[in-house]
K.L.:
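So that we are looking at the same thing, I have put the structure below in structure tokens.
Convention: sequence-line order gives letters A, B, ...; per-chain numbering from 1.
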Number of protein chains: 2
Amino acid sequence: MAERARTYHHGDLRASLVEEAAAMISEGGAASVTMRAIGSRLGVSRGAPYRHFPDKTALLVAVAVAGFKRLNRRLGSGDAGASSSSVERLRRMGEQYVRFALKHPAHYRLMYGKEALARQDQPELRKAAGALLENLIDVIRVHQQRGEIEGGDPRAQAYVAWSAVHGLASLLIEKQIDPNVDVDDLIRQTTQTILDGMRDRSQD
Amino acid sequence: MAERARTYHHGDLRASLVEEAAAMISEGGAASVTMRAIGSRLGVSRGAPYRHFPDKTALLVAVAVAGFKRLNRRLGSGDAGASSSSVERLRRMGEQYVRFALKHPAHYRLMYGKEALARQDQPELRKAAGALLENLIDVIRVHQQRGEIEGGDPRAQAYVAWSAVHGLASLLIEKQIDPNVDVDDLIRQTTQTILDGMRDRSQD
DNA sequence: CGGGGCATGTTGACCTCGTCAACATACAGC
DNA sequence: GCTGTATGTTGACGAGGTCAACATGCCCCG
């Protein structure tokens, strides 16, 4: 983000673009992000962004990457805070994950919406998402060593856990879940079910 | 191409539009679906679709609804085929679900991509997705009665299971999962973990 | 059997948007 | 101060969604 505060014409337009685009996404959804609109909000012309990003997709990818970094930081912080009662730590991560998605629905959607983004493989994005997975794998590995969860391939288990929280976040965001259901309970039950499932492996 | 009924000008353009749009989505993604392109492929003008759908969104919603119905049918059929070894039935449903998503990635994406669709609540879509949930709840209820899974609120359990398979499908579709991982194994492990988790409930 | 009228389809036009090229300008270092 | 490059601006183009005016087919009424 803070590359350098070059006080050029605008003064680090690149960073401002990413920041403003993220804000616009939160306010009006990804569809409201227009080169013209974003330029207008920043007091520059529609063409200005092209001096910093080859096209709109690249800008959106940057926004998505920033989102992953933020999410990562958030999960990490909750994790660092006193390694609580072992498994509780994993459950907390899951909760933090879903809560992040609920707090920034449009942004979250963008992070996982390859469709709207590159056809080309976006290495930056892949790296940011990869970091998320790696962190999760690390935590799982720790718990495996403590014997708190079954000791299979931690990567596979990470995928299962990730699927559960991502799926829940996605369904909630897309309003596929009855609004009368208590979200907190549902989050708890989801993480708990996964943890229970990872402890009791009866076959394969 | 196969169906005709009213031999009006085109002969049931509405159905053709939905069908063709679905085909185009599969071929080139949702972005390739253009009023002009779809009209061209069907031999009508760009304006013709507007006699059957108020706007492009409505057409896409119809496509999404058709997708849900197809998915529902598929899950139901697998379910009806000899109520296999109890829990195996639930696992099969999960597998069928993910497999459907992998077979029709763009279509699946559309089904859950509210962003691209209505700002307004689309009752048809909600109904179709609701049917999916209801079916899942029914199956879960049956297994609860057989004592094969814990007997809490079947709706909540359905959401948990749905989250897991939807999340896995989503991550796979968006290529967030290492291609070296064996997809079949991952699907099996996911459904198995959920089932194990629903059997062994140690706390609330 | 012949119109009338609604259901369908067609076209032209307008607006928004992404993007590129030509042009303008501000900084930085000499 | 002077020049070159990093930035920003504008005009233009093409794609695409959508609407209104217009055209046409089809069914039903008399």
Side-chain angles (χ1 to χ4, degrees), chain A residues 2-21 24-25 27-64 106 110 113 115-120 122, chain B residues 1 3-21 24-25 27-64 106 110 113 115-120 122:
Chain A
E3 323 252 292
R4 266 157 292 161
R6 304 181 217 157
T7 319
Y8 243 132
H9 293 152
H10 176 95
D12 205 355
L13 218 204
R14 185 189 165 96
S16 298
L17 286 169
V18 175
E19 191 182 330
E20 199 65 24
M24 292 176 73
I25 284 175
E27 293 170 23
S32 73
V33 179
T34 279
M35 291 309 231
R36 286 163 165 85
I38 193 175
S40 163
R41 283 175 61 137
L42 289 175
V44 295
S45 71
R46 65 188 188 270
Y50 287 91
R51 294 299 167 187
H52 302 274
F53 298 96
D55 53 29
K56 191 186 176 187
T57 292
L59 169 56
L60 291 181
V61 165
V63 175
L110 176 69
E115 172 77 336
L117 301 183
R119 22 187 138 255
Q120 294 290 351
Q122 211 65 35
Chain B
M1 337 207 144
E3 83 293 321
R4 71 194 42 224
R6 306 161 218 163
T7 320
Y8 245 132
H9 292 152
H10 176 95
D12 205 356
L13 217 205
R14 184 187 166 97
S16 297
L17 284 169
V18 175
E19 189 183 332
E20 198 65 24
M24 292 176 74
I25 283 175
E27 293 170 23
S32 73
V33 179
T34 278
M35 290 310 231
R36 285 161 166 85
I38 195 177
S40 162
R41 283 176 58 140
L42 288 174
V44 295
S45 72
R46 65 188 189 271
Y50 288 91
R51 294 299 166 186
H52 302 274
F53 297 96
D55 53 29
K56 191 186 174 187
T57 291
L59 170 55
L60 291 181
V61 165
V63 175
L110 176 70
E115 172 75 335
L117 301 183
R119 23 187 140 252
Q120 296 289 351
Q122 209 64 38

K.L.:
Starting at atom NZ of A/Lys56, determine the distance to atom C1' of D/dG16, rounded to an integer number of angstrom.
P.N.:
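After rounding, the reported distance stands at 14 Å.
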K.L.:
Toward the 5' end of DNA chain C, which comes first, B/Ser45 or A/Ala37, by nearest nucleotide?
P.N.:
B/Ser45
K.L.:
OP1, OP2 of D/dG8 versus side-chain N and O of A/His52: anything below 4.0 Å?
P.N.:
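Yes, because at least one side-chain N or O of A/His52 sits under 4.0 Å from OP1 or OP2 of D/dG8.
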K.L.:
B/Arg36: what forms a salt bridge (charged side-chain N to carboxylate O under 4.0 Å, His left out) with it, not counting sequence neighbours?
P.N.:
none
K.L.:
Work out which heavy atom in A/Gln122 is nearest to a heavy atom in A/Val61; give both atom names and the distance.
P.N.:
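Shortest heavy-atom separation between A/Gln122 and A/Val61 comes out as CG-CG1, 3.2 Å.
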K.L.:
For A/Ala62, which residues count as a side-chain contact (heavy atoms from CB on, under 4.5 Å) partner, sequence neighbours excluded?
P.N.:
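With sequence neighbours excluded, A/Ala62 shows a side-chain contact (heavy atoms from CB on, under 4.5 Å) to A/Val18, A/Phe53, given in chain and number order.
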K.L.:
Look up atom CG in A/Leu17 and atom CG in A/Leu59, then write down how far apart they are to the nearest 0.5 Å.
P.N.:
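These two atoms lie 6.0 Å from each other.
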K.L.:
Could you tell me the separation between the CG atom of B/Leu13 and the C1' atom of C/dT10, rounded to a whole number of Å?
P.N.:
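For the pair B/Leu13 CG and C/dT10 C1', the rounded distance is 13 Å.
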K.L.:
Who passes side-chain contact (heavy atoms from CB on, under 4.5 Å) against B/Ala37, sequence neighbours left out?
P.N.:
B/Met24, B/Thr34
K.L.:
If you compare all heavy atoms of A/Ala64 against all heavy atoms of A/Leu110, which two are closest, and at what distance to 0.1 Å?
P.N.:
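Heavy atoms of A/Ala64 and A/Leu110 come nearest at N-CD2, 4.0 Å.
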K.L.:
Calculate the interatomic distance between A/Arg14 atom CZ and D/dA6 atom P; express it in whole Å.
P.N.:
15 Å
K.L.:
Among all residues two or more places apart in sequence or in another chain, which pass the side-chain contact (heavy atoms from CB on, under 4.5 Å) test with B/Ala48?
P.N.:
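Testing B/Ala48 for side-chain contact (heavy atoms from CB on, under 4.5 Å), a comparison that skips the adjacent residues, returns B/Leu13, B/Val44, B/Ser45.
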K.L.:
Please report the distance, rounded to the nearest Å, between CZ in A/Arg41 and P in D/dG8.
P.N.:
18 Å
K.L.:
Compare every heavy atom of A/Ala21 with every heavy atom of A/Val63, then report the nearest pair and how far apart it is.
P.N.:
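Distance-wise, the nearest heavy atoms are CG2-CB, 3.7 Å.
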K.L.:
State, to 0.1 Å, how close A/Glu27 and A/Arg41 come at their nearest heavy-atom pair, and which atoms those are.
P.N.:
OE1-NH1, 3.1 Å
K.L.:
Suppose we screen for side-chain hydrogen bond (donor to acceptor under 3.5 Å, both in side chains). Which residues come up paired with B/Arg51, at least two apart in sequence or across chains?
P.N.:
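Partners of B/Arg51 by the side-chain hydrogen bond (donor to acceptor under 3.5 Å, both in side chains) criterion come out as none, since no residue qualifies.
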K.L.:
If you compare all heavy atoms of A/Asp12 against all heavy atoms of A/Ser16, which two are closest, and at what distance to 0.1 Å?
P.N.:
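That would be O-OG, 3.2 Å.
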K.L.:
Rounded to whole Å, how long is the line connecting atom CZ of B/Phe53 with atom C1' of D/dG17?
P.N.:
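Value for this atom pair: 16 Å.
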K.L.:
I need the residues from residues 27-35 of chain A with at least one non-hydrogen atom less than 4.0 Å from DNA chain D; give them sorted by number, or say none.
P.N.:
none
K.L.:
Round to a whole Å and report the spacing from CG of A/Asp55 to C1' of D/dG14.
P.N.:
17 Å
K.L.:
Enumerate all atom pairs, one protein N or O and one N or O from nucleotides 19-22 of chain D, separated by less than 3.5 Å.
P.N.:
residue, atom, partner, partner atom, Å
D/dA21, N6, B/Arg51, NH2, 3.4

K.L.:
If I take atom CZ in residue A/Arg36 and atom C1' in nucleotide D/dT9, what distance separates them, rounded to the nearest angstrom?
P.N.:
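Atom CZ in A/Arg36 sits about 13 Å away from atom C1' in D/dT9.
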K.L.:
From CG of B/Leu17 over to C1' of C/dT8, roughly how many Å is that when rounded to an integer?
P.N.:
12 Å
K.L.:
At 10 degrees resolution, what angle do the end axes of the helix from C/dC1-D/dG30 to C/dC30-D/dG1 form when each is taken over five base pairs?
P.N.:
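Computed from the C1' atoms at both ends, the axes differ by 10°.
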